[in-house]
Structures are given as C-alpha cells and as structure tokens.
Chemist: 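Shown below is the structure under consideration.
Convention: sequence-line order gives letters A, B, ...; per-chain numbering from 1.
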Amino acid sequence: MSESFDLSAFDESPGAVPHVEASRPEPPYLAELNGAQREAVEATEGPVLVLAGAGTGKTRALTTRLAHILRLGLARPGEVLAVTFTNKASREMKGRVEDLLQRPVESLWLGTFHAMGARILRRHAELAGLTANFTILDTDDQIRLLKQVIEAARIDEKKWPARNLAALVGRWKDRGVGPRQAGSDNAGDFAFGKGASLYAAYQERLKSLNAVDFGDLLLHCLAIFGNHADVLAAYQRRFRYILVDEYQDANVAQYLWLRLLARAHHNICCVGDDDQSIYGWRGAEVGNILRFEKDFEGARVIRLEQNYRSTPHILAAAAGLITNNAGRLGKTLWTEALEGERLQVRGVWDGEAEARFVGEEIEALRSQGHSLNEMVILVRAVFQMREFEERFLTLGLPYRVVGGLRFYERREIRDAVAYFRAVAQPADDLAIERIVNVPRRGIGSTTVQAMHRLARARDLSLVQAAEELVMTEELRAQARRALSNFLTRLDRWRVEKTRLPHVEFAEFVLDDSGYTAMWRNDKSPDAPGKLENLKELVAAMDEFENLEEFLEHVSLVMENEDSGTGDKVNLMTLHGAKGLEFDTVFLPGWEEGVFPNQRSLDEGGSNALEEERRLGHVGLTRARRRIRLSFAASRRVYNQWQSSIPSRFIDELPKDSIEYTSEPGLYEGRRTRTLQEDHVSRFDVSERPSTGRRRNRHGRAATSGGLVLEGRAEVVDARESAGVFRVGARVFHQKFGYGHVLSVDGNRLQVAFDKAGTKRIIDSFVEAA
DNA sequence: TAGGGAATATTTTTT
DNA sequence: ATATTCCCTA
C-alpha cells in the first residue's frame, strides 16, 4: 500500500522473479476446471476476451487465472492489475486468490476502477494541479458545489437544478470528455448552452478545494497519461498482466484507461457478458465488448456456456427472454442439472396481496427446512421494498435489506467525516460549511455568507476568511464571538491531531465539538442509533494506519455494515443482485411501467427496453432452484390507485417452463386462459366493481365505518373490521415501534410509545400488537 | 438566529 | 404520503 512512486522500480527485469514454482506438477486447481475455463486460465499471453454467461464460473476462471499467473511466477504481485466494479467483487477476488495460493497476497493492484484510479492519482496529484491529500467528494458534496457554481454564474438554480448539471457533467466524464472538449459537444443544453462553461468553472472550484469527484479519478489519470508520456510508459511497463471483471459495465473513460495501460504488453483479459450489461444509464458501453477484437489484434475469444447454477427450466426462461434482444454476441447456456420446478407466475390484486403471497411462500419454504438466507426478493426500484418490509414486520419474518442507504451516506457519518476533513484538509470548504453550525453554535447563514463573500473576494479558504472576519467590525458582537470560538476549537483540534492517535483524535473531536452531545440530547427515536453508528465509525478507524488512509477508505469503499449474520430473507434491487445466487428468487412487480420501468423507457427508447430485458435476465439467472414471479393488477402510487397490466416480459417466457397460479377471481374464472391473449382488457379496472371501494380503503373508509365489501371479505384487514382502538390497547407503529393508546378521538389516537415518546397518530398507521 | 410551518419534489438503477 | 428544503416570523 505504502510503496512510494519510483519510476526506476518499474524497470526491474523479470529475471528477478523466482521460477521455482513453475517446475512443479500441475497445480490442483486446474483439474477442477472445464475445458473452456481452463483455456481462459492458461492463455496468459496476449489479449483474451472471455464471454461468460451467468453462472458459468466466470469469477472462478478470472481468479484462477490471476492465481495461476502468480504461481507460475510470470509476474510479481505488484505487476498485476486486476479491476472490478464493486468493492465486494474485489474483496472476493482477493480472498479467492489467497485461497488458491494458500498464502496471503500483498501489493497486488486489485480493486475497483475508482480505487485504482485514486491510487495512481495520489502519486501524481501535482500533475493534475492537486496535492496528494486531495479529497474525494461524493454526490452530495458535488451537488452542493455545483449549486454554488450555478448561483455564482447568476443562473436561477430553481430553473436549472444542480442535480441536472451533475448528471450532465457525469455523462461527460463517463465518456472521458473534459471541460475543453465539452464545448464542442452539443450535449451542452443546460441553461441555454452554458453547461460547458459551468463544467469548467466547477473543475476550477474543485481544484481550488483540492478535491475531485468520482469521475475525476479516471479523467485526471487520462489527462496525466496523455500529457506525461514517461508516467504512462512506466505504468505500461509495470502492469505485465491486466485482468478486468464485468467488462460489459465499462464506460468510455474506463475503456480508454484500460487501453492505454495495456498497450505495452497486450496481456489483457476481460471477462464479461453482454447479456448482463445493466449500467448503460451511467455510461457503460456494451460497444466496448463488441470492439475488443478490433482494438486488440489477435484477441482470443473464449466462451463459457456451461451453467453450474440453475435448472433447465430457469435457463430456458432466461433464454426465452433474452432472445428478444437484437445485437447480442450470442451464447447458449446449457446445464447437466435435473429439470426441477417450473417457474411460478402469479397474478395478484395489488401490492399488498403480492407481499402477502411472498410472505406465505417464504414461510412455507421455511417450514420445509429451507434457509431464509437462500431466498431473495429482487425488485426493480427501492420504493417497491416498503410493502415487503411491512409485511415481514407483521409476520415477524427476519429480513435484511441489501444495498439500501450506505453507511457513509447517513447524516451522522457524513457530519463526523466532515469534522475530520475540516481538520485534516485546511482548504476543505465543503466540510467546514457542513459542520460550522452543527451543532448550533450561533453561526447562522448571515455569518456564513459574509465568510463566503470575503473568501471569494480575496481568494481565501473559508477558514482563512473567517480568521480575517473576526478581526473586523463587520459582524455583530455575538456572531463574532461565536465564530471566534469555533476557530479556536478548530485550531485546538489541529493540534490534537498531531498529538493523538487517530482513533482517540476522532473521539476527542466528536466530543469536544459537542456533536455527540447533540445526539445524546436529541429525543427523536433514531438518535440512539446514530450514536451507535458513530461508535461504529470510530471503531472502524482502528483498522487504518492514520486518518488520511481512513478518509480515503470512507469515500471509496465504505459500505453499509452487514445487516446481521442470522438467517434472514434478502431484499434487494435487481441491480444489486448481479453476481449473487440464491436457491429461491422472488421477482415481484412484473408490470408494465414498473418493470420495464417507464422512466427508463421514456429516456432511452429501445436501447432502454433491451437493458430492462437484460435486467430481467440477470434476475432470472440468480436462481438455482425456483422462481416465483408475480404481478399486481393495481398498485398504489403516491396516494392513488393505478391499474396495471402484466409486463411484456412475462409473455416472452416459454410456456413450457411456466406454471400460472394466479389469485382466485383475478381473471374472473378464466384464469387458465392466459397471459398470451390480449391482457389489456383483462386488467381494465373498470371491469372490476370493487375498485372504487378499494380506493377508499386507505383513505376515509376507516372513519366512515361500516363498509362491507361484498364477496371480498378476505381483503378487509383486521384494522378495519375492528373499527377503533380502545384506550390502553397495545399497538404497533411502523416507525415508532410498540406503545399503548392514551386517548381516542374518532380516528385520531394519542399513543405513548415505549421508545419514541407520546405521539398523535391516525389510527390507520398503527396496528394491534 | 432559530424554529416552525409551508412548499416542493420524490420513485431507477451507483462507483 | 412522506421527506426534505425553503421561507418567514418571533
């Protein structure tokens, strides 16, 4: 990790590499591979493209290849570059390589594109106009900064929101387009063509803050490689072997980065699956995979098609779906597995019924001895998760949300990190701005604005400006005192940073600033959790050498903590599921508009539809044994009921591999006639007399009382039939937990919650406990 | 300056 | 419907 940059070190001849192991008999790991996998491992020299379908052992081939290269002594660990897209994937790869070699492997260049970009950039920061301790901004900081840039240009931020500009800049960066080239690029339709100049201004601001955003990690590398041939040459010589996972997800910037680095040795091996390209929206170019053979002459293409994961029915379903896409490289997955169950496709009335169905299925499987860890619910979008969470809570079914909001994105963590940044990096205005009045210390927006004005006028950092400001008469006495106190504190922290070990320093700053006290005094129900998270953050710091290393980790790697190790059902998005596998996969919400997602279709046309289909393909191929797919006839969106029609993707699944098990009554007795006929009319809500009433169900029905749903008794839940709660009744609330009713006034309850204090609640938000 | 209340957007996916 | 952000008043 801490090797210093030294050009001469790159030139060591491979003769220094020990060849002892090469003469040994065939390593045992090769025997475990099939022919194609083995070919992918042993073809170490020259460009190789491995087209690997889902479940064909692609990660195994890639990790074995890496281990093989090291074992044969073809390169030393420091001479291999292995890039992945996620931190998880790189952790896994490292672990598996070490398992194969049966020893720890250090100094490999193994990590995400962004982490590797950051590593290179830190060594040459000055070539990009930065210093080595530059800050990596996350999306949130980025948007706040862009907002300032927009306002500085006297553009109405309301008409031209910073997030739109962030998206535009992001797209430029994905394509490797710097602010200069952006001008000639016609995509600059932000604020009447001011996009490119705002982009330039933003880059200037970043430089003056000694900061970069995610895209810059690669873009700056590209610029350095372009302007400093010696630096590029050194890396080209260094990386004797390059391995790339999930190549179909590479954007243009990443592609250019790889192409430059691979130019000396051409020993590049990319593994990918064009059918699993699901990140087009953030700049991934399937085209990269298609042109590999052109870019690297004499490239060898190896196909991995034997699937070790799923049953034939599942593979048939996946194939049936994906063949509807045009322009594939084309692979045919096959398996030796036994036939297994057919896919269950179930139509339900609404989202609630869907959650109920999934819950029942899970409980049934569990009672047959299946582990919850082996079940997953894959949704298209996070908002779909809520219904399942609610259902699982009432059932008492343990679950974990994978992905959700990441640890680092939580407010308390961002605040704490901002404190550390403010101390460690004097020019980090964004960090200062974030914490200057958190907790409240009487430094309000008037004061901050004054700081900004002075900083801009004299080209100072915010802290420098503040230091000047307290010397003047500009602020009122009260504000001046407050600001001066803050500056004194900040100074003190800077001193402590050099004296204390970083963990103690962190504790000290959080306490001394009053930040922990702020949460301790906070009565809200999630305050204790925030304190927990802060503790966790500080504890996590222990694993790092110093504060700087920790800050790097936090911006690039920090993920949400493992949500427990127990036996739990998994809940995640389809995107989040890539690379994972489960015995049982639930695929809810296969309706037009939800999946394929309407917004996605609106933005991207037929390309987007194909990407949605690939997403479906990813979902289906996660399953080893069984799939339960469902769609609802109507769903509550915002506060309105919306009818929906089954996803066109359902029609694309081969009939022989499917079994329909829709809810009784849903098709008015015609449910054996199926989904292949015109489904629009079947789901036209106007045909369903109960619709109007259902619409009321979550609105006024509870108060008007006495509604009887003819023939639909099963959907009337306990809450309504019970009418009102009595004083003293135990109740449960989604957010506040358990409590008892203090008073009742129509549908309004006053509830004393065990943890969250006393609240006034509408009765429909609690349920009997 | 702080705090409450109104107005506003949110719901695609993320390194 | 809910969460955040913004604006106004005390």
Chemist: Whether A:Asp216 and A:Lys173 form a salt bridge (side-chain N of Lys/Arg under 4.0 Å from carboxylate O of Asp/Glu) is what I want to check.
Modeler: yes
Chemist: Salt bridge or not for A:Lys58 and A:Asp245, using N-O below 4.0 Å?
Modeler: yes
Chemist: Using the C1' atoms only, state how far C:dT5 lies from B:dT12, rounded to an integer number of Å.
Modeler: 23 Å
Chemist: Assess whether a salt bridge exists between A:Arg144 and A:Glu433, defined as any Lys/Arg side-chain N lying under 4.0 Å from an Asp/Glu carboxylate O.
Modeler: no
Chemist: Does A:Arg614 pair with A:Asp274 as a salt bridge, N-O distance under 4.0 Å?
Modeler: no
Chemist: Can you tell me how far P of C:dA1 sits from CZ of A:Arg635, to the nearest Å?
Modeler: 19 Å
Chemist: So which protein nitrogen or oxygen atoms get under 3.5 Å of nucleotides 10-13 of chain B's nitrogens or oxygens?
Modeler:
from: B:dT11; atom 1: O3'; to: A:Arg599; atom 2: NH1; distance (Å): 3.4
from: B:dT12; atom 1: OP1; to: A:Arg599; atom 2: NE; distance (Å): 2.4
from: B:dT12; atom 1: OP1; to: A:Arg599; atom 2: NH1; distance (Å): 2.6
from: B:dT12; atom 1: OP1; to: A:Arg599; atom 2: NH2; distance (Å): 2.7
from: B:dT12; atom 1: OP2; to: A:Arg599; atom 2: NE; distance (Å): 2.9
from: B:dT12; atom 1: O2; to: A:Arg380; atom 2: NH1; distance (Å): 3.0
from: B:dT12; atom 1: O2; to: A:Arg380; atom 2: NH2; distance (Å): 2.2
from: B:dT12; atom 1: O4; to: A:Glu603; atom 2: OE1; distance (Å): 2.9
from: B:dT13; atom 1: OP1; to: A:Val382; atom 2: N; distance (Å): 3.0
from: B:dT13; atom 1: O2; to: A:Trp281; atom 2: NE1; distance (Å): 2.9

Chemist: Without placing hydrogens or testing angles, list every side-chain donor-acceptor pair under 3.5 Å for residues 381-388 of chain A, not counting sequence neighbours.
Modeler:
from: A:Gln384; atom 1: OE1; to: A:Arg380; atom 2: N; distance (Å): 2.8
from: A:Gln384; atom 1: OE1; to: A:Ala381; atom 2: N; distance (Å): 2.9
from: A:Glu387; atom 1: OE2; to: A:Glu352; atom 2: N; distance (Å): 3.4

Chemist: How long is the straight-line distance from CG of A:Asn324 back to CD of A:Glu610, given to the nearest 0.5 Å?
Modeler: 9.0 Å
Chemist: With sequence neighbours excluded, what pairs up with A:Asn164 under the side chain to side chain donor-acceptor pair (under 3.5 Å) test?
Modeler: none
Chemist: Verify whether one side chain among A:Asp273 and A:Gln248 offers a donor that lies under 3.5 Å from an acceptor in the other.
Modeler: no
Chemist: Whole angstrom is fine here: how far is it from CG in A:Asn164 over to P in B:dA9?
Modeler: 12 Å
Chemist: What residues in residues 247-260 of chain A put a non-hydrogen atom under 4.0 Å from any atom of DNA chain B?
Modeler: none
Chemist: Strictly under 6.0 Å, is that where the ring centroids of A:Trp590 and A:Phe631 end up?
Modeler: no
Chemist: In whole Å, what is the span from the CG atom of A:Leu574 to the C1' atom of B:dT14?
Modeler: 15 Å
Chemist: Is the backbone N or O of A:Thr84 less than 3.5 Å from a side-chain atom of A:Glu246, with the two atoms forming a donor-acceptor pair by type?
Modeler: no
Chemist: Using 4.0 Å as the upper bound for N to carboxylate O, is an ion pair formed by A:Asp141 and A:Arg414?
Modeler: yes
Chemist: Provide, to the nearest angstrom, the distance between the CG atom belonging to A:Asp213 and the P atom belonging to B:dT14.
Modeler: 19 Å
Chemist: What string of B, S and - do you get for nucleotides 1-6 of chain B, 5' to 3', when a contact is any protein heavy atom under 4.0 Å?
Modeler: BSS---
Chemist: Roughly how far, to the nearest 0.5 Å, is CG of A:Asn251 from CD of A:Glu285?
Modeler: 8.5 Å
Chemist: Between P on C:dA1 and CD on A:Glu352, what's the gap in Å once rounded to a whole number?
Modeler: 16 Å
Chemist: What stem regions, each of at least 3 consecutive Watson-Crick or G-U pairs below 3.5 Å, can be found for DNA chain C?
Modeler: B:1-10 with C:1-10
Chemist: Thinking salt bridges, do A:Arg480 and A:Glu474 make one under a 4.0 Å N-O criterion?
Modeler: no
Chemist: Can you tell me, in whole Å, how much space there is between the C1' of C:dC6 and that of B:dT11?
Modeler: 22 Å
Chemist: Indicate whether A:Phe214 forms a stack on B:dT15; treat it as stacked only if centroid distance is below 5.5 angstrom and interplanar angle below 30 degrees.
Modeler: yes
Chemist: Base, sugar-phosphate, or nothing: which does A:Lys147 touch, judged by heavy atoms less than 4.0 Å apart?
Modeler: sugar-phosphate
Chemist: Looking at side-chain heavy atoms only, is the closest gap between A:Phe649 and A:Leu620 below 4.5 Å?
Modeler: no
